[in-house]
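Quick caveat: nothing in here was measured; it's all calculated off a predicted structure.
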Amino acid sequence: MATRLFEGKTHASYYQKYRFSPPQEVQDLIFNYMGERLSKPYGFAVDVGCGTGQSTRILVPYFEKILGTDISPAQIEEASKANDIPNVTYSVSPAEEVPVDECSVDLVTACAAAHWFSIEKFYKEVDRILKPRGCLAIFTYIPDMEVHYKDRSEQLTKVFKEGQKTLAPYENEKVRLVKTGYKDLFDAIPYTDKKRVENMTTKMPMLLSDFLGLIQTFSMFQDFLKHEPEKAKEFIVTTEKRYVICRNGF
């Protein structure tokens with residue numbers, strides 16, 4: 001059964017504001033792989049589990065038509081509000097039931113989302129909608145992040161790791177698939193022509209306020225907020241103070 005944890009309007013607004021698009025290194029990897037198998041121009045891409053559209057918008061330069069789908073109406077509402085691109089549309093639908101014709105899609109993507117799907121049903125749906133030699137790209141960033149700032153990187157990263165321990169009791173069991181780099185999901189892909197890339201390191205410059213906002217988009221923080229709202233809010237306040245103290249060297 002697919003897992004639904006991104007339903008709230010407030011959560012979706014945070015998702016739109018603080019989640020970042022896949023880095024260029026990931027985009028290059030996908031389109032170099034695709035370029036070895038399909039001829040340009042590319043016609044149709046579907047971004048499944050698109051959230052508020054960060055991973056959908058990166059497809060615009062490459063495709064004539066793009067569809068972003070998500071099971072959460074709140075996420076799709078935010079994606080649609082931010083959309084001013086004529087060849088991009090959004091639809092509320094589960095990953096296992098994509099509203100497109102058979103053999104019509106050049107590329108299916110799922111960014112930081114596939115671990116929430118009913119994966120066998122999703123792969124069957126991918127097989128239904130992909131064109132011959134079409135491509136599937138599932139990718140995620142793992143929660144093993146480091147925080148860097150001048151000579152305070154070790155101290156700042158320690159604050160982040162301690163915050164992860166606080167959130168750990170609220171972590172959904174499916175996050176295990178993320179921590180193992182999607183190995184199980186890769187092994188389950190029903191094609192022999194496939195490639196798994198691990199341990200890509202990227203740098204994402206951001207303000208402290210944006211980093212704290214990103215933390216609040218995490219599913220485990222949202223579960224913390226649901227069950228212990230005051231403690232969750234205090235966690236963000238305390239974490240911000242600790243970052244400021246470490247950053248300033250006090």
Exercise. Hey, is K161 close enough to D144 for a salt bridge, meaning N to O under 4.0 Å?
Worked result: yes
For this session: Spell out, as yes or no, whether a donor-acceptor pair under 3.5 Å connects the side chain of D106 to the backbone of A45.
Result: no
Exercise. Taking side chain as C-beta onward, heavy atoms only, is K131 less than 4.5 Å from L38?
Worked result: no
Exercise. Around atom NZ of K183, are there more than 12 heavy atoms of other residues, nucleotides or ligands at under 6.0 Å?
Worked result: no
Exercise. Can you tell me how far OG1 of T56 sits from CD1 of I85, rounded to the nearest 0.5 angstrom?
Worked result: 9.0 Å
Problem set entry | Backbone N/O of S55 and side chain of R19: donor-acceptor pair under 3.5 Å | no
Exercise. Side chains of D127 and Y191: is there a donor and an acceptor less than 3.5 Å apart?
Worked result: yes
Exercise. Minimum heavy-atom separation for I119 to A114, with atom names?
Worked result: CD1-O, 3.9 Å
For this session: Please check if the side chain of D70 supplies one atom and the backbone of I76 the other of a donor-acceptor pair under 3.5 Å.
Result: no
Exercise. Is it true that Y243 and F211 have ring centroids separated by less than 6.0 Å?
Worked result: yes
Problem set entry | Nearest-0.5 Å distance, OG of residue S13 to CD of residue Q75 | 9.5 Å
Problem set entry | From CG (D184) to NZ (K174), nearest 0.5 Å | 12.5 Å
Exercise. Got a donor-acceptor contact below 3.5 angstrom from the N32 side chain to the D28 backbone?
Worked result: yes
Problem set entry | R133 (side chain) donor-acceptor with R37 (main chain) under 3.5 angstrom | yes
Exercise. Would you say the side-chain atoms of D47 and Y90 include a donor-acceptor pair closer than 3.5 Å?
Worked result: no
For this session: Verify the neighbour count for atom NZ of K65: are there more than 12 heavy atoms of other residues, nucleotides or ligands below 6.0 Å?
Result: no
For this session: May I ask you to decide if C246's main-chain N or O and Q155's side chain share a donor-acceptor pair within less than 3.5 Å?
Result: no
Exercise. Would you call V197 and F186 a side-chain contact if the rule is heavy atoms closer than 4.5 Å?
Worked result: no
Problem set entry | Between Y42 and Y62, ring centroids under 6.0 Å | no
For this session: Give a yes or no on whether the backbone of V100 and the side-chain of R128 come within a donor-acceptor separation of less than 3.5 Å.
Result: yes
Exercise. Roughly how far, to the nearest 0.5 Å, is the CD1 atom of I215 from the CD atom of Q164?
Worked result: 9.0 Å
Exercise. Are more than 12 heavy atoms from other residues, nucleotides or ligands located less than 6.0 Å from atom CD of E162?
Worked result: yes
Seminar exercise, completed: Rounding to 0.5 Å, atoms CG (D187) and OG1 (T180) come to a distance of 9.5 Å
Problem set entry | Heavy-atom donor-acceptor pair, N172 side chain to S219 backbone, under 3.5 Å | no
Problem set entry | N/O donor-acceptor pair under 3.5 Å between K17 side chain and G213 backbone | no
Exercise. Quick one: do the Q54 and T52 side chains pair a donor with an acceptor below 3.5 Å?
Worked result: yes
Problem set entry | Within 6.0 Å of CD in E154, more than 12 heavy atoms from elsewhere | no
Exercise. For the ring pair Y18 and Y14, is the centre-to-centre distance below 6.0 Å?
Worked result: yes
Exercise. Looking only at side chains, do E97 and S93 share a donor and an acceptor under 3.5 Å apart?
Worked result: no
Exercise. Charged N to carboxylate O below 4.0 Å: is that the case for K9 and E77?
Worked result: yes
Exercise. Would you say Q216's side chain and L212's backbone share a donor-acceptor pair under 3.5 angstrom?
Worked result: yes
For this session: Starting at OH of Y123, measure out to CD of E96 and round the result to the nearest 0.5 Å.
Result: 12.0 Å
Exercise. According to the interplanar angle, ranging from 0 to 90°, do the rings of F20 and Y141 count as parallel (below 30°), tilted (30 to 60°) or perpendicular (above 60°)?
Worked result: tilted
For this session: Flag yes if more than 12 heavy atoms outside E36 fall under 6.0 Å of its CD atom; otherwise flag no.
Result: yes
